[in-house]
Amino acid sequence: MVGRIFKLFILLVVLVNLSGCKKQKNDIIYDRKYIDEIKAARKDVAFFLTQNFVPGATVAIAKEGKILYSEGLGLASKDLESPATRSTKFRIGEISELFTAFIYQKMVEEGTLHPDSAVWHYFPDFPEKRFNLSLEHLVNQTSGIRNPRESERDWRALNTSLIKGIDIFKDDSLAVPPGIYQVPNLFNYNLLGAVMEKVSGKHFHKILEEYVTDTLKLENTLPDNPLIPIIGRSDFFDHNYISQVINATTRDMRFKTPSEGLLSNAEDLVKFGNALLYSDYLSEELKKRLFEPVMLQNNMPAQMTNGWMTLADREGRKIFGKAGNVTGGGAIIIIYPEEKLVIACAANLGILSEDFPVFKIAEYFLPAVETNETKTSEDKEGDKE
């Protein structure tokens with residue numbers, strides 16, 4: 001009798017373990033109505049990862065506010081052979097700017113920050129410069145602050161902080177007067193983040209929670225910190241001198257949290273993109289302002305607004321996009337605002353984010369564009385009339 005009970009107990013344990021494995025393997029969201037499109041997209045992503053020896057990634061696609069597909073592919077850790085899941089957290093590099101710009105625009109809307117005010121008005125520790133340097137110059141990447149040196153972009157010090165990162169350049173003169181050129185520069189958003197901290201009296205990670213992650217239910221977006229455990233954080237990988245994939249050396253990203261230092265994944269990025277299109281948390285005015293063109297000197301339009309690049313595909317469809325690369329990771333997000341399509345990918349190997357096949361994937365989910373070749377003879381006769 002005892003032996004029989006013991007056998008039943010062992011059987012129960014095995015069944016529980018098997019059900020757990022099945023659940024992990026089924027960690028995927030997919031809409032059956034788009035199964036052919038999803039299979040094609042998944043094949044493209046898998047081919048890209050294999051071709052470039054990327055250990056692991058996440059991909060997510062949403063249309064008209066609904067997530068059609070989300071999945072983790074490959075490995076989050078090669079040493080532990082841990083699979084990447086939908087909730088695995090990756091370094092997203094410059095995509096961090098999108099969250100900082102969003103917070104900035106919310107603070108402007110509530111009157112906490114004023115775009116035309118000088119940086120030193122809010123942050124007296126930053127010395128006054130020869131030219132007026134406003135908050136709007138920072139968010140638009142038109143500040144004229146010098147570009148960081150390679151050693152400053154890839155600072156390898158530990159126990160860094162945002163304020164220590166500001167100390168790197170705060171005493172330097174502006175390279176050019178603000179407003180003339182748009183030059184992406186991590187110093188701009190780091191300084192903007194420091195202003196936010198000074199005004200609110202809170203650390204940037206608390207500001208991020210208050211304005212973005214808690215409100216929009218982004219459960220896997222937060223600052224990277226190598227000194228604390230973070231559940232679901234991927235290992236990070238890099239290339240050596242002969243392009244072999246190796247473990248990335250440790251980096252403390254906290255000195256550049258607002259510009260390049262966040263962790264996230266494809267599903268959270270897609271949720272964020274959906275919020276910019278649909279969420280009631282944003283006023284219609286704010287949604288419009290996030291993508292309003294930035295005008296440079298002599299009314300020349302800039303390519304970037306609030307961190308977003310403005311693009312167009314071959315059919316002239318408007319696209320807002322952003323790619324990020326940093327040691328050990330990278331990500332990309334694109335939004336087709338009129339087609340209500342959002343696609344994002346994130347991976348644990350840097351340098352490659354701009355090569356993700358997101359535009360090819362988008363073609364599977366976009367409506368076909370009518371051309372003269374696709375028109376029926378009846379349509380053509382109607383055109384003549």
Side-chain angles (χ1 to χ4, degrees), residues 20-30 38-62 67 69-96 218-226 229-240 243-251 253 260-272 322-334 343-358 360-361:
C21 291
K22 186 176 181 181
K23 183 177 180 182
Q24 186 178 41
K25 290 179 181 177
N26 290 338
D27 182 39
I28 177 175
I29 292 175
Y30 66 95
I38 290 169
K39 284 181 178 179
R42 192 178 191 275
K43 181 180 177 181
D44 288 340
V45 174
F47 180 77
F48 172 81
L49 299 182
T50 303
Q51 184 184 41
N52 294 283
F53 304 100
V54 180
T58 54
V59 57
I61 303 166
I67 294 180
Y69 171 56
S70 178
E71 186 180 12
L73 299 168
L75 296 174
S77 170
K78 294 178 69 175
D79 292 343
L80 301 176
E81 295 188 343
S82 300
T85 70
R86 289 167 41 219
S87 58
T88 301
K89 303 168 179 63
F90 299 86
R91 287 177 178 166
I92 60 172
E94 293 91 335
I95 291 182
S96 305
L218 306 185
E219 299 176 356
N220 298 293
T221 301
L222 72 166
D224 192 11
N225 183 343
I230 296 177
I231 296 174
R233 175 169 51 188
S234 171
D235 287 349
F236 306 118
F237 301 92
D238 209 341
H239 287 115
N240 63 12
S243 297
Q244 292 176 317
V245 175
I246 59 173
N247 291 327
T249 54
T250 301
R251 295 289 190 280
M253 301 285 186
E260 298 181 356
L262 295 184
L263 300 170
S264 191
N265 56 29
E267 193 167 314
D268 265 15
L269 293 178
V270 162
K271 288 179 181 178
F272 181 64
K322 184 74 171 181
N325 281 308
V326 73
T327 302
I332 189 167
I333 178 174
I334 58 172
I343 300 173
C345 296
N348 50 20
L349 181 65
I351 308 302
L352 299 169
S353 67
E354 293 182 6
D355 299 324
F356 273 117
V358 288
K360 184 178 180 183
I361 291 171

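Just so we're clear, the structure is a prediction, and the values are computed from it rather than from any experiment.
Note: Glu219 CD to Arg86 CZ = 10.0 Å, rounded to the nearest 0.5 Å. For the atom pair OH of Tyr69 and CD1 of Ile343, the computed distance is 12.0 Å after rounding to the nearest 0.5 Å. Phe237 contributes atom CZ, which lies 5.0 Å from atom CG of Asn348 (distance to the nearest 0.5 angstrom). Rounding to the nearest 0.5 angstrom, the gap separating the NZ atom in Lys360 from the CG atom in Asp44 is 4.0 Å. Between the CD1 atom of Ile61 and the CD1 atom of Ile29 there is a distance of 12.0 Å, given to the nearest 0.5 Å. The distance from the CG atom of Leu262 to the CG atom of Leu222 is 8.0 Å, given to the nearest 0.5 Å.
Across all non-hydrogen atoms, the minimal contact from Asn265 to Ala346 is CA-CB, 4.2 Å. Scanning all heavy atoms of the two residues, the minimum distance from Ser234 to Ala76 falls at OG-O, 3.2 Å. Taking all atoms of both residues into account, the shortest heavy-atom contact from Thr250 to Pro226 is CG2-CB, 4.1 Å. The shortest non-hydrogen separation linking Ala60 to Val270 is O-CG2, 3.5 Å. Ile230 and Pro223 get closest at one heavy-atom pair: CD1-O, 3.9 Å.
Listed by chain and residue number, Val54, Ala57, Phe356 satisfy the side chain to side chain contact (heavy atoms under 4.5 Å, CB included) test with Ala347 (two or more places apart in sequence, or in another chain). Legend: residues meeting side chain to side chain contact (heavy atoms under 4.5 Å, CB included) with Ser77, ordered by chain and number and at least two apart, are Asp79, Leu80, Ser82, Asp235. Applying the side chain to side chain donor-acceptor pair (under 3.5 Å) test to Ser70 and every residue at least two apart in sequence or in another chain returns Glu267. Residues passing the side chain to side chain donor-acceptor pair (under 3.5 Å) test with Ser96: none are found, sequence neighbours excluded. For Thr249, the side chain to side chain donor-acceptor pair (under 3.5 Å) partners are Arg251, not counting sequence neighbours.
More than 12 heavy-atom neighbours from other residues, nucleotides or ligands sit within 6.0 angstrom of CD1 on Ile246.
Using modelled atom types, no side-chain atom of Asp238 and backbone atom of Gly350 make a donor-acceptor pair closer than 3.5 Å. With hydrogens and angles ignored, the 3.5 Å screen pairs a side-chain donor or acceptor of Thr88 with a backbone N or O of Thr85. In this structure, the side chain of Arg233 engages the main chain of Asn225 through a donor-acceptor pair within 3.5 Å.
For Asp268 and Thr221, the side-chain atoms include at least one donor-acceptor pair closer than 3.5 Å.
By the 4.5 Å heavy-atom criterion applied to side chains, Ser264 and Leu218 are not counted as neighbours. No side-chain heavy atom of Tyr30 sits less than 4.5 Å from a side-chain heavy atom of Arg42.
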Would you please test Ile95 and Leu269 for side chain to side chain contact (heavy atoms under 4.5 Å, CB included) and show each step?
CA-CA 9 Å; Ile95 291 182; Leu269 293 178; 3.8 Å; yes
Do Leu349 and Val245 pass the side chain to side chain contact (heavy atoms under 4.5 Å, CB included) test, and can you show the C-alpha distance, the side-chain angles, and the key distance before you say yes or no?
CA-CA 8 Å; Leu349 181 65; Val245 175; 4.2 Å; yes
Identify all side-chain donor-acceptor contacts of residues 322-330 below 3.5 Å with residues at least two apart in sequence or on another chain.
| residue | atom | partner | partner atom | Å |
| --- | --- | --- | --- | --- |
| Lys322 | NZ | Glu97 | OE1 | 2.8 |
| Lys322 | NZ | Gly307 | O | 3.1 |
| Asn325 | OD1 | Ile351 | N | 3.0 |
| Asn325 | OD1 | Ser353 | N | 3.3 |
| Asn325 | OD1 | Ser353 | OG | 3.0 |
| Asn325 | ND2 | Ser353 | OG | 3.1 |
| Thr327 | OG1 | Asp154 | OD1 | 3.4 |

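Stacking of Arg91 on the aromatic ring of Phe236 is recorded, both the 6.0 Å distance cut-off and the 45° axial limit being met.
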